[in-house]
Amino acid sequence: MRKLGSTLAKLSRYRRDWSTLLQSTAARPGAAASSATSKHLTELTGFGSNPGALRMFTYVPKKVSASPALVVVLHGCTQSAAAYDLGAGWSTLAERYGFILLLPEQTPANNPKTCFNWFLPGDTTRERGEALSIRQMIEKTIGARGVDRSKVFITGLSAGGAMAAAMLATYPEVFAAGAIIAGLPYGTAGNVQQAFESMFQGRTHTVKEWGDLVRRASSHRGPWPRLSIWQGDADATVKPVNADSLVQQWTNVHGIDTRPVENKVGGYPHKVWRRDGIDVVESYTITGMAHGTPLDTRSHGGSAGLFLLEAGISSSYHIAQFFGLTGEARATERPQKKEAVRTYLLPDEVELIPDDRVEVLEPVEKAKFDDTPRAGPTDVMAVITKALTQAGLMKPPG
């Protein structure tokens with residue numbers, strides 16, 4: 001019981017920290033309003049069984065490259081697909097370089113704060129839950145848009161970054177590369193207590209143990225996706241030790257044990273682990289930056305807002321460059337208005353997208369997975385689940 005009391009005390013402290021963070025940002029522009037009201041994204045349904053009950057949005061530039069690439073973009077907590085896309089500048093880059101975007105979106109029914117459920121085994125295991133839903137969206141987009149299967153990539157922020165890590169681990173054969181911003185390594189958490197511990201203090205494994213978590217996630221044995229890792233060193237929400245763990249996890253998966261090449265990009269520390277002249281794993285440390293996606297809005301678009309931080313360096317652009325997508329820029333149409341163009345919509349300004357941009361099918365009920373522990377004298381996980389529900393990180397049991 002003493003151990004349970006200590007666990008609950010930690011959860012209470014973590015919950016207060018998390019609630020304070022979300023309350024302080026809830027009223028800021030860019031908070032999650034449904035992307036169905038977006039004028040620039042297209043919603044698609046009918047992409048599969050959708051066991052994770054996620055929504056699917058895409059962005060297709062006016063001029064698409066031959067054999068186009070696909071970038072899967074996963075938003076963070078309290079964000080929507082549309083808000084994160086515009087804030088991070090991904091659709092601007094898609095227009096410039098001719099690649100297609102897939103933007104899965106979490107729903108409040110799955111998670112009250114619209115976080116992807118990166119800490120639930122039922123949503124981060126191959127062929128299950130949200131991971132399978134995203135995989136089905138990718139397959140739908142490849143078939144519908146003629147995407148080059150060798151040029152599929154994924155990136156995400158925070159909970160979206162942790163879910164990107166889950167996708168890279170569970171479906172490594174699908175992706176050429178990925179990028180994780182303020183995220184967490186795959187397998188760091190399998191329940192609520194571990195999720196909070198991972199975010200606020202990090203978890204300890206040997207390098208091999210980190211790598212084994214990825215190797216056990218599928219039967220794949222290589223080649224493995226390349227990875228770009230971004231982290232603010234003043235991040236109090238997802239501690240920087242998680243970026244170190246990601247480096248350990250993926251350098252071990254790639255079998256790299258040499259020291260990195262170190263330099264600075266945009267004034268920030270940058271490390272690269274190479275093999276045969278190829279950048280296999282890289283990491284950026286954004287000094288002085290808190291929790292969020294670093295932006296350079298003057299050079300590469302985007303808009304500062306909820307967890308979208310002006311830093312003088314565009315993570316989206318450099319990630320696209322790491323993916324090999326920043327070749328010759330394509331001509332894009334510029335807004336004709338001289339006044340500043342705001343890249344987000346306030347809740348009272350949105351309009352429904354035209355009906356012909358939505359494929360309407362009956363909603364798919366989310367598959368249920370029984371991860372309930374065996375009954376015992378004290379149901380610790382029930383207590384923990386209650387704490388997470390009160391924190392707004394999990395929907396009440398149905």
Side-chain angles (χ1 to χ4, degrees), residues 47-52 54 56 69-74 102 104 116-143 147-156 159-180 183-191 194-195 198 203 205-229 242 245-257 273 275 278 280-281 322-323 366-367 369-371:
F47 51 83
S49 59
N50 191 17
L54 301 178
M56 174 184 178
L70 175 66
V71 179
V72 183
V73 179
L74 302 177
L102 165 62
F116 289 101
N117 288 311
W118 60 271
F119 50 86
L120 298 181
D123 283 309
T124 57
T125 300
R126 187 179 175 101
E127 303 302 310
R128 295 181 68 180
E130 292 175 11
L132 178 54
S133 289
I134 296 170
R135 176 68 184 94
Q136 291 173 341
M137 294 180 197
I138 292 170
E139 195 61 33
K140 171 79 172 182
T141 310
I142 289 174
V147 170
D148 185 335
R149 289 184 180 274
S150 69
K151 296 188 289 188
V152 178
F153 308 92
I154 190 166
T155 182
M163 184 58 76
M167 294 302 298
L168 291 166
T170 55
Y171 295 100
E173 76 281 5
V174 173
F175 303 101
I180 297 170
L184 301 100
Y186 178 70
T188 186
N191 58 48
Q194 292 173 0
S198 299
R203 305 192 73 221
H205 291 294
T206 67
V207 173
K208 183 178 182 301
E209 286 171 343
W210 281 123
D212 284 344
L213 289 169
V214 171
R215 284 184 285 267
R216 287 198 295 263
S218 75
S219 60
H220 186 73
R221 289 298 172 262
W224 298 95
R226 300 181 303 116
L227 186 65
S228 179
I229 301 161
N242 287 287
S245 297
L246 276 164
V247 167
Q248 293 176 19
Q249 184 167 69
W250 284 92
T251 53
N252 181 260
V253 167
H254 281 281
I256 299 174
D257 56 8
W273 288 261
R275 167 176 285 168
I278 297 174
V280 177
V281 176
F322 181 77
F323 291 167
K366 182 166 183 170
F369 299 106
D370 185 10
D371 293 314

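No side-chain donor-acceptor contact under 3.5 Å links N117 to the backbone of L120. Proximity of a side-chain donor or acceptor of N50 to a complementary backbone N or O of L54 within less than 3.5 Å is detected. When atom types are taken as modelled, the side chain of Q194 and the backbone of G190 share a donor-acceptor pair closer than 3.5 angstrom. A donor-acceptor distance shorter than 3.5 angstrom exists from the side chain of S133 to the backbone of G52, with no hydrogens or angles considered. Of the possible donor and acceptor atoms, none in the side chain of T188 sits under 3.5 Å from a partner among the backbone N and O of S198. Checking side-chain atoms of T170 against main-chain N and O of R126 turns up no donor-acceptor pair under 3.5 Å. Judged by distance alone, with hydrogens and angles left aside, the side-chain atoms of R128 form no donor-acceptor pair with the main-chain N or O of D123 at under 3.5 Å. Between the side chain of R226 and the main chain of F322, a donor-acceptor pair closer than 3.5 Å is present. Within the 3.5 Å criterion, the main-chain N or O of G211 finds no donor-acceptor partner in the side chain of Q249. Formation of a donor-acceptor pair under 3.5 Å by the R275 side chain with backbone atoms of G255 is found in this model.
Between S150 and A176 the shortest heavy-atom distance is O-CB, 3.5 Å. Taking every heavy atom of both residues into account, P172 and A169 meet most closely at CD-O, 3.3 Å. The nearest pair of heavy atoms linking A164 to G156 is CB-N, 4.2 Å. Across all their heavy atoms, A131 and T125 have their closest contact at CB-O, 4.0 Å. Across Q136 and F47, no two heavy atoms sit closer than the pair CB-O, 3.5 Å. Smallest separation of non-hydrogen atoms from L102 and M56: CD1-CG, 3.8 Å.
In this structure, CZ in F119 is found 11.0 Å from CG in L184, a value given to the nearest 0.5 Å. Note that the CG atom of L70 and the OG1 atom of T141 stand 5.5 Å from one another [nearest 0.5 Å]. Atom CH2 of W210 sits about 4.5 Å away from atom OG of S245, to the nearest 0.5 Å. M137 CE to I142 CD1: the interatomic distance, rounded to the nearest 0.5 Å, is 13.5 Å. To the nearest 0.5 Å, the span separating CG on D212 from CG on N252 amounts to 7.0 Å. We find the OG1-CD1 distance between T155 and I180 to be 8.0 Å, quoted to the nearest 0.5 Å.
Among residues two or more places apart in sequence or in another chain, the ring pair (Phe, Tyr, Trp, His ring centres under 6.0 Å) test is passed with W118 by none. Every residue two or more places apart in sequence or in another chain that forms a salt bridge (charged side-chain N to carboxylate O under 4.0 Å, His left out) with R149 is listed here: E139. Applying the ring pair (Phe, Tyr, Trp, His ring centres under 6.0 Å) rule to Y186 yields no partners; only residues at least two apart in sequence or on another chain are considered.
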Item to check | Worked verdict on I138 versus Y171 for side chain to side chain contact (heavy atoms under 4.5 Å, CB included) | outcome: CA-CA 11 Å; I138 292 170; Y171 295 100; over 6 Å; no
Next on the checklist: Assess the residue pair I134 and M163 against the criterion (side chain to side chain contact (heavy atoms under 4.5 Å, CB included)); give the C-alpha distance rounded to whole Å, side-chain angles, the decisive distance to 0.1 Å, and a yes or no.
Outcome noted: CA-CA 10 Å; I134 296 170; M163 184 58 76; 4.0 Å; yes
Item to check | Test salt bridge (Lys or Arg N to Asp or Glu O under 4.0 Å) applied to R135 and E173, step by step | outcome: CA-CA 11 Å; R135 176 68 184 94; E173 76 281 5; 5.1 Å; no
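Taking 4.5 Å as the limit, every side-chain heavy atom of L227 sits out of range of all side-chain heavy atoms of F175. Put simply, the side chain of V247 reaches to within 4.5 Å of the side chain of W273, judged on heavy atoms. Under the 4.5 Å side-chain criterion, counting only non-hydrogen atoms from C-beta, P185 is in contact with N242. Put simply, the side chain of L74 reaches to within 4.5 Å of the side chain of F116, judged on heavy atoms.
Under the 30°/60° scheme for interplanar angles, the aromatic rings of F323 and F153 are found to lie parallel. The aromatic rings of W224 and H220 sit perpendicular to each other, their planes meeting at more than 60°, with 30° as the lower class boundary.
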